[in-house]
Amino acid sequence: MLVAERHGKIIETLQKKGSIRVSELSRMFGLTEETIRRDLEKLEREGKLMRSHGGAVAIQETAQGNIPYFKRETLHTEEKEKIANTALTFINEEESILLDASSTSWFLAKKLPNIPLTVITNSLRVLMELAPKTNIHVICTGGTLSHTSLSVLGPLTIESLDKYHADKAFISCKALDKDWGISDANDMQAMVKKKMLEIADENYLLIDHSKIGKKATSYVDGFDKIHYIITDNQADQEYLNDFAEFNVNILIGGN
């Protein structure tokens, strides 16, 4: 079987099943798991699938452009863990921080120790994660429930955020392009992230390599409000070097 034909079969299988493991593909094609991983890496770069822990998932976006939260939660978990570990080193007691509704922010919330801290968020998953940590003062924005992103969004969310100030904001996004800036799946998500960047003194963009060098539907902001980009060691270093002109600090999670 030709490589192109194999790649077509992988995509076809994903469209039918939604997700598949490397071991299953290895048995299907009689190839090593390393070969299959290289196939998945190439197909992900081409935007045809998204790799997950131990396999891949089909890109099946909703009408609003969102990949359902529980699917995003399984993507690039190792990279998100490392990014969250690095972000955690910038959080100190008695600070106020913003966490958006991204799965990477949820990874960070899981790692937060039970220390005196104020967390402002629109994420239901972050709220549930922080509920047992009684030393953390948690503020939930108002808004309309998004079942896809498990967050609250809309004009009331923006109005709520306008009433607060934070020391630091930790957000993610769907895409990062050195010319266009930060973008996300839809206008509602983009507006909330933009407002979070406006009300914080210091901003951290938590983004794995699969989102770098891409554009999504809705513009969030440029780089003038971003102080740190925390990514993983699979990110294109030459591409990252171009951010130097924006005076943005680039950190590699886990390093």
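Since we're looking at a predicted model, the values are computed, not measured.
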| Donor-acceptor pair, side chain of H227 and main chain of N203, under 3.5 angstrom | yes
| field | V119 side chain reached by L130 side chain, heavy atoms, under 4.5 Å | value | yes
| request: Determine which pairs satisfy ring-ring contact (aromatic ring centres under 6.0 Å, His included) with at least one residue from residues 112-135, sequence neighbours left out, and list them in order. | output: none
| If Ile, Leu, Val, Met, Phe, Trp and Tyr residues are connected whenever their side-chain heavy atoms lie under 4.5 Å apart, and connections chain through other members, are V220 and L161 in the same group? | yes
| query | Can E95 and K168 be counted as an ion pair, charged N to O under 4.0 angstrom? | reply | yes
| query | Does any N or O in the side chain of D184 come within less than 3.5 Å of the main-chain N or O of N186, such that one atom is a donor and the other an acceptor? | reply | no
| field | Min side-chain heavy-atom separation L40-I36 under 4.5 Å | value | yes
| query | Under 4.0 Å between a Lys/Arg side-chain N and an Asp/Glu carboxylate O for D162 and K195? | reply | yes
| Just by distance, do the side chain of S160 and the backbone of G143 share a donor-acceptor pair under 3.5 Å? | no
| query | Are V3 and L14 connected in a single hydrophobic cluster, I mean Ile/Leu/Val/Met/Phe/Trp/Tyr linked by side-chain heavy atoms less than 4.5 Å apart? | reply | no
| query | Heavy-atom distance under 4.5 Å between the side chains of M28 and I10, does that happen here? | reply | no
| field | D100 (side chain) donor-acceptor with K193 (main chain) under 3.5 angstrom | value | no
| said: Side chains of S149 and Q189 only: does a donor on one sit below 3.5 Å from an acceptor on the other? | reply: yes
| field | Partner of I226 by side-chain contact (heavy atoms from CB on, under 4.5 Å), out of I182, D221, N249 | value | I182
| field | Donor-acceptor pair, side chain of Y228 and main chain of L206, under 3.5 angstrom | value | no
| Between H209 and D236, is a side chain to side chain donor-acceptor pair (under 3.5 Å) present by the stated rule, with each step listed? | CA-CA 8 Å; H209 69 279; D236 186 331; over 6 Å; no
| request: Could you check E24 against R21 for salt bridge (charged side-chain N to carboxylate O under 4.0 Å, His left out), going step by step and ending with a plain yes or no? | output: CA-CA 5 Å; E24 187 177 349; R21 300 191 63 80; over 6 Å; no
| query | When rounded to the nearest 0.5 angstrom, what is the spacing between NZ in K111 and CD1 in I91? | reply | 11.5 Å
| task | Would you confirm whether S183, through its side chain, and K215, through its main-chain N or O, come within 3.5 Å as a donor-acceptor pair? | result | no
| request: Go through M188 and S146 one step at a time and tell me if the side chain to side chain contact (heavy atoms under 4.5 Å, CB included) criterion holds. | output: CA-CA 10 Å; M188 289 293 190; S146 164; over 6 Å; no
| field | S123 side chain vs S151 backbone, donor-acceptor pair below 3.5 Å | value | no
| Salt-bridge contact R6-D39 (side-chain N to carboxylate O under 4.0 Å) | yes
| request: Any chance you could lay out the side chain to side chain contact (heavy atoms under 4.5 Å, CB included) test for I136 and T134, step after step, and finish with the verdict? | output: CA-CA 5 Å; I136 299 179; T134 55; over 6 Å; no
| task | Give the minimum heavy-atom separation between S96 and A166, together with the two atoms involved. | result | OG-CA, 3.3 Å
| task | Could you tell me whether a side-chain N or O of S172 sits under 3.5 Å from a main-chain N or O of S102, the two making a donor and an acceptor? | result | no
| Do N85 and E81 have side-chain N/O donor and acceptor atoms under 3.5 Å apart? | no
| task | Output yes when a side-chain donor or acceptor of K133 lies under 3.5 Å from a complementary backbone atom of P113, and no otherwise. | result | no
| task | Taking the side chain as every heavy atom from C-beta outward, state whether L197 and K194 have any pair of such atoms under 4.5 Å apart. | result | no
| query | Do F170 and M196 have side chains that get closer than 4.5 Å, going by heavy atoms? | reply | no
| message | Please evaluate residues D208 and I83 with respect to the criterion side chain to side chain contact (heavy atoms under 4.5 Å, CB included), reporting the C-alpha separation (whole Å), side-chain torsions for both, the decisive distance (0.1 Å), and the verdict. | response | CA-CA 8 Å; D208 70 70; I83 290 168; 4.2 Å; yes
| query | Cation-pi between K178 and Y239: NZ/CZ under 6.0 Å from ring centre and within 45° of the ring axis? | reply | yes
| said: Side chains of V248 and I250, heavy atoms from C-beta outward: is any pair under 4.5 Å? | reply: yes
| Is a salt bridge present between K82 and E78, judged by a nitrogen-to-oxygen distance below 4.0 Å? | yes
| Set of residues satisfying side chain to side chain contact (heavy atoms under 4.5 Å, CB included) with respect to R37, sequence neighbours excluded | V22, E33, E34
| query | Do V138 and I120 come close enough that some side-chain heavy atom pair is under 4.5 Å? | reply | no
| request: Check whether any side-chain N or O of T35 sits under 3.5 Å from a backbone N or O of L31 as a donor-acceptor pair, and report yes or no. | output: no
| query | Is there side-chain contact between T121 and I139, with heavy atoms separated by less than 4.5 Å? | reply | no
